[in-house]
Amino acid sequence: QLQLVESGGGLVQAGGFLRLSCAASGRNFNAYQVGWFRQAPGKNREFVASIRWSDDFTFYRDSLKGRFTISRDNAKNTAYLQMNSLKPEDTAVYYCAADPRSGSIRSGPDEYDYWGRGTQVTVSS
């Protein structure tokens with residue numbers, strides 16, 4: 001079983017930045033596709049970004065391109081989400097997810113088998 005733990009969330013002013021981390025344990029994280037999702041109060045969980053294990057191909061929500069960057073360090077069993085120029089509308093609980101299947105990049109929450117508990121990001125105006 002793969003366990004995921006997110007960290008790095010917090011309170012930041014608009015225009016600031018945060019780097020979220022997703023630490024994995026229990027299995028070889030290198031062979032998993034990793035995704036970041038977020039959920040704001042009263043809203044559905046939405047896709048943020050994903051990275052494929054085979055070639056480090058990345059995919060982003062269109063509205064976040066240029067501000068958010070997903071990456072991974074396989075030696076540390078950790079994935080990251082660098083978030084720059086943060087806006088109040090980025091306020092949400094951010095979740096890390098992982099899936100062991102190879103193939104196409106995935107952006108749907110139901111396509112991921114393993115989830116962390118989330119980390120709160122709050123952006124003040």
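For this chain, numbers begin at 1 and follow the sequence in order.
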Is the backbone N or O of [Y] less than 3.5 Å from a side-chain atom of [X], with the two atoms forming a donor-acceptor pair by type?
X: Glu6; Y: Gly118; value: yes
X: Thr78; Y: Lys76; value: yes
X: Thr91; Y: Val123; value: yes

What heavy-atom pair brings [X] and [Y] nearest, and what distance separates the two atoms?
X: Pro100; Y: Asp113; result: CD-OD2, 3.9 Å
X: Leu20; Y: Gly9; result: CD2-N, 3.6 Å
X: Ile105; Y: Phe57; result: CD1-O, 3.8 Å
X: Tyr112; Y: Ser50; result: OH-CB, 3.4 Å
X: Leu2; Y: Ala98; result: CD2-CB, 3.6 Å
X: Ser125; Y: Pro88; result: CB-CG, 3.9 Å

Could you pull out all residues at least two apart from Asp56 that satisfy side chain to side chain donor-acceptor pair (under 3.5 Å)?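 Partners of Asp56 under the side chain to side chain donor-acceptor pair (under 3.5 Å) test: none.
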
Within a strict 4.5 Å, meaning less than it, do heavy atoms of the [X] and [Y] side chains meet?
X: Tyr32; Y: Asp99; value: no
X: Ser25; Y: Asn77; value: no
X: Tyr60; Y: Thr69; value: yes
X: Val93; Y: Arg117; value: no
X: Met83; Y: Tyr94; value: yes
X: Arg27; Y: Gln3; value: no
X: Leu64; Y: Arg38; value: yes
X: Phe68; Y: Val48; value: yes

Quick one: is the NZ or CZ of Arg45 closer than 6.0 Å to the six-membered ring centre of Tyr95, and within 45° of its axis?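 Ring-cation test returns yes.
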
For Phe29, does the six-membered ring have the charged nitrogen or CZ of Arg72 within the cation-pi criterion, i.e. under 6.0 angstrom from the centroid and within 45° of the normal?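 Satisfied, under 6.0 Å and within 45°.
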
Gap between atom [atom2] of [Y] and atom [atom1] of [X] - 0.5 Å precision:
X: Gln13; Y: Ser124; atom1: CD; atom2: OG; answer: 5.0 Å
X: Ser63; Y: Lys87; atom1: OG; atom2: NZ; answer: 8.0 Å
X: Cys96; Y: Tyr114; atom1: SG; atom2: OH; answer: 13.0 Å
X: Gln33; Y: Ser104; atom1: CD; atom2: OG; answer: 7.5 Å

Same hydrophobic cluster for [X] and [Y], using side-chain heavy-atom links shorter than 4.5 Å among ILVMFWY?
X: Leu81; Y: Leu18; result: yes
X: Trp36; Y: Leu86; result: yes
X: Val121; Y: Val5; result: no

Please report the C-alpha distance between Phe37 and Trp115 in whole Å, then the side-chain angles of each, then the deciding distance to 0.1 Å, and finally whether the ring-ring contact (aromatic ring centres under 6.0 Å, His included) criterion is met. CA-CA 10 Å; Phe37 293 79; Trp115 290 84; 5.0 Å; yes

Going through the checks in order, is the side-chain hydrogen bond (donor to acceptor under 3.5 Å, both in side chains) test met by Gln82 and Asn84? CA-CA 7 Å; Gln82 178 70 39; Asn84 298 329; 2.9 Å; yes

Does a side-chain N-to-carboxylate-O contact under 4.0 Å join Asp55 and Arg52?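 Looking at Asp55 and Arg52, the cut-off is met.
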
